[in-house]
Every structure is written in C-alpha cells, then in structure tokens.
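Here is how names work: the chains are called A, B, and so on, in the same order as the sequence lines, proteins then strands, and each is numbered from 1. Fair warning: this is a prediction, and the values are worked out from it, not measured in the lab.
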2 protein chains.
Amino acid sequence: MLFTGTHIHKLDRKGRVSVPKRFRAALELEEFAGIYLYQSHKESALEGCSHSHMERIAASLDELDMFSDEADDLADTILGSSHMLPYDGEGRIILPAELIEFARIEDQVAFVGRGRTFRLWNPDIFKPLQEASRTRTLNRGATLKLKPMTELPKGARPGTMNEEDAS
Amino acid sequence: MLFTGTHIHKLDRKGRVSVPKRFRAALELEEFAGIYLYQSHKESALEGCSHSHMERIAASLDELDMFSDEADDLADTILGSSHMLPYDGEGRIILPAELIEFARIEDQVAFVGRGRTFRLWNPDIFKPLQEASRTRTLNRGATLKLKPMTELPKGARPGTMNEEDAS
DNA sequence: TGGGAAATGATGGGGGTCAATGGGATTTGA
DNA sequence: TCAAATCCCATTGACCCCCATCATTTCCCA
C-alpha cells in the first residue's frame, strides 16, 4: 500500500497518461477506481492520492472549527481544486488542461512515490530538484529515526495507514 | 461520499443550471432527489448540501441553548433562508432569483466541493479568492494534521475489506 | 545460459455513449 | 387566465469503451 519509486510515462495526444502499474496495485482495494490530483502548494507539481486519503483530509477538516478561516482556506485549496480522475479500461487517466499547465508538463509525466501519496512532475523539472535535495540530505548527514515495529498500528505491515504528513 | 473539485456550469435563460454529475452521484442515495442551498454568512456565495446534512445541521442547532441569540441567528440564517431545490429530468435545478442576486451570479455558476458540503459562486468572484487562499495557506506553512485512519467512518477506508478489521 | 515464446504493461486511435445544454410543449397553481 | 414550473425531446461535443499494436519482462526449455 505504499507509493514508491519514480515512473516516467508518456502523455498522449488525447491528454491521457498511464498510471504506473505499481501505483494502481497500491490502490486496488479502493471504492473509487481512479486517483485524485491537486496543485501542490509549494512546488510546480501535482499532489496525488487515493480516495480514502481524500476522505481522511475531509474528515480532518471537519475537526477544525467549521467557520475558521484556516479551514476555509484549506478547503478551497485542497478540496476545491482537486480533480477526481477515473481510470479508463487500460488504467489511464485524462490529465486536465489546467493541471498540465500548472505543472508545466509537456509530453512526459514523472510519477514520484512519497509513501501514502505521490507527486506528478515534468521530468525535466523534477530531476535537478531531486539531485539538489539528495545533496542537501547528504551534506546534512541526516538520519531518520525509525519507529519501532511494535509502535505501529495493527495491520501496519501490508496495510499500513498511519502517518501525519499532508504536505 | 465527497464533494470535490470545481465545476463550472451555465445558467440558462430559464434560470436553470445542471448539478455536476459527480455531485449528483454523491447524493444519489438521498431520500430527496435534489439539493439544499442557503446564503453563506461570510462570503458572497451559496452554501449547498444534501438532505441528510441539513438534518445534521438541525440536530446540531438542537444542542445549542434553545433560546440563545446564537441559536436564533443560526436558525434564521441557515434553516430560515434555505431553499430545497429538486432536480428536473436532466439533473438541473432552478436557481431562485433571490440567491442569484445574493451571490451576484451572472451566466455561469461554479460548484466548489468542500467535502461534506459545497458552495456555489460566480466564477469570476471565486477565482481570485481561491488564489488568495492558496497564497495564505502557503505563507502560513499550513499543514493539516491528519486523523488516524481508525477514527474514520466505515466504508471511508479500504481497510474495511482487508485484514485490518479481522483482529 | 541463450534464445525465443508468452504474458503483461504501455501506447495509439476509432467510434459509440452520455452529460450538458437549449428550447418547445404541457401542466400546475395562484 | 397568465405565469411559472415541469416534462419532453433534440443537439453536440467530451469522455470512455474497445481493440490493435508495440515494448518489456518473465518464463520455459533446449
């Protein structure tokens, strides 16, 4: 149930692109056969997630004060600008023109796994950023403190579903 | 079911507008085939929801002190000014003149998903506001604290069908 | 271990279907 | 009786189903 790796696929003349088989497999138990995409806040990229992840975002927004400005902004930015994209018979989606333009995608799309979510990039834009990010990580000598297995929620091995990152 | 995305439809000469297919699908199990609309108290927009959500609002109002000013005001603004709008055979509603005027809608209507509810806007008014929301969200460095999967309602998660529930 | 089937995933494109829209006809209700 | 709401049907264009082809990987067996 994790999205991992980078997969580059072609955007065809009809605006369609195949969702990588690995990603589709990670989504196959979902009630909605397709993915959600919305514009990233920080990057020239698209954020992608599953239906259940989107439900989780909506449920989390419900918890914020219903009339707070922050909830309003997040609802407009995430829920209001998201696109629900069903697969066709071959597991492709149609990338809306608005999103193609935003992410400055041309004839290729990079699907980049980020665990529970993934991103879509113009490969030419993503590549140098990835290198820079790798360099920063190395220079920083960053290490990741792993949670002990025993603290993970039940069923977290194949069907893991608990982390806090929504960026 | 969730309301997501922004869908722009045309308001015809008879004051009719098609409810987006995706939104109708999210409502199809409702007992009332149509939607509720009322004036937003913060924005130049219309709040929209399903019959069952309106029930939920009424129930929440019940919990407030029955004679408080706040309950009075909310009852007036929400329940008192709400319109129950049935679909015609093609899934359209007739937008009451009062609401068209309030939201300053002209020949187009933007349906904007907000999870359990949605809003109707004049697209020309909504667009710059959405941009501003995005900017504020970015500057605020806002991240959404996601609820743990286990607190989501059944059916909102794929785990309902796999080993996670078995234990 | 090399090479060729066979299976599977990715890509291309034709055409049918249905959602969105427009407008006329009929009914309802004040 | 008139106006507004509802029903009904026509049009159109985007989307989705289907199939054909191409590219890779896997598998099998010599």
Side-chain angles (χ1 to χ4, degrees), chain A residues 3-28 30-37 48 51 82-101 105-113 118 120-123, chain B residues 1-28 30 32-37 48 82-101 105-113 118 120-123:
Chain A
F3 301 110
T4 59
T6 294
H7 312 262
I8 295 180
H9 284 175
K10 202 166 173 198
L11 187 69
D12 72 17
R13 267 190 296 172
K14 289 177 162 184
R16 298 176 301 189
V17 63
S18 292
V19 175
K21 183 69 204 334
R22 290 272 164 72
F23 284 25
R24 291 205 303 268
L27 293 164
E28 66 191 0
E30 295 284 329
E31 62 176 284
F32 162 63
I35 63 175
Y36 285 81
L37 290 180
H51 179 79
S82 71
H83 291 251
M84 184 182 182
L85 306 172
Y87 300 139
D88 68 10
E90 281 70 42
R92 291 173 290 198
I93 55 168
I94 298 181
L95 262 195
E98 180 194 359
L99 298 184
I100 292 178
E101 193 180 343
I105 286 168
E106 283 150 23
D107 60 341
Q108 288 194 319
V109 183
F111 287 76
V112 182
F118 54 92
L120 267 56
W121 289 88
N122 174 335
Chain B
M1 275 303 165
L2 284 180
F3 300 108
T4 60
T6 294
H7 311 263
I8 296 180
H9 284 173
K10 216 167 168 188
L11 186 69
D12 70 18
R13 269 189 293 172
K14 290 178 167 181
R16 298 176 301 189
V17 63
S18 292
V19 175
K21 180 70 204 326
R22 290 265 158 75
F23 284 26
R24 292 205 302 271
L27 293 164
E28 66 190 1
E30 295 284 329
F32 162 62
I35 63 174
Y36 285 81
L37 289 181
S82 74
H83 293 250
M84 186 179 176
L85 305 172
Y87 301 138
D88 70 8
E90 280 71 41
R92 291 174 288 199
I93 55 168
I94 297 181
L95 262 194
E98 179 194 0
L99 298 184
I100 292 178
E101 193 179 342
I105 285 168
E106 284 151 23
D107 59 341
Q108 288 193 319
V109 183
F111 287 75
V112 181
F118 53 91
L120 267 55
W121 290 88
N122 174 335

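- A distance of 3.5 Å separates CD1 of B:Ile93 from CD1 of B:Ile35, quoted to the nearest 0.5 Å.
- For the pair A:His7 NE2 and C:dT8 C1', the computed distance is 16 Å after rounding to whole Å.
- No more than 12 heavy-atom neighbours from other residues, nucleotides or ligands sit within 6.0 angstrom of CZ on A:Arg22.
- Note that the NZ atom of A:Lys14 and the CD1 atom of A:Ile94 stand 8.5 Å from one another [nearest 0.5 Å].
- Rounded to an integer number of Å, the gap from B:Leu95 CG to D:dA5 P is 12 Å.
- For the pair A:Phe23 CZ and C:dA10 P, the interatomic distance rounds to 11 Å; values are reported in whole Å.
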Derivation of the side chain to side chain contact (heavy atoms under 4.5 Å, CB included) call for A:Leu95 and A:Leu120 = CA-CA 11 Å; A:Leu95 262 195; A:Leu120 267 56; 4.2 Å; yes

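- Using a 4.5 Å cut-off on side-chain heavy atoms (C-beta onward), A:Glu31 and B:Met1 make contact.
- When side chains are defined from C-beta on, A:Glu90 does not count as touching A:Ser18, because their heavy atoms never get closer than 4.5 Å.
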ask   = In B/S/- notation, 5' to 3', how is nucleotides 17-27 of chain C contacted by protein heavy atoms closer than 4.0 Å?
value = --SSBBBBB--

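- Between B:Tyr87 atom OH and D:dC7 atom C1' there is a gap of 18 Å when expressed in whole angstrom units.
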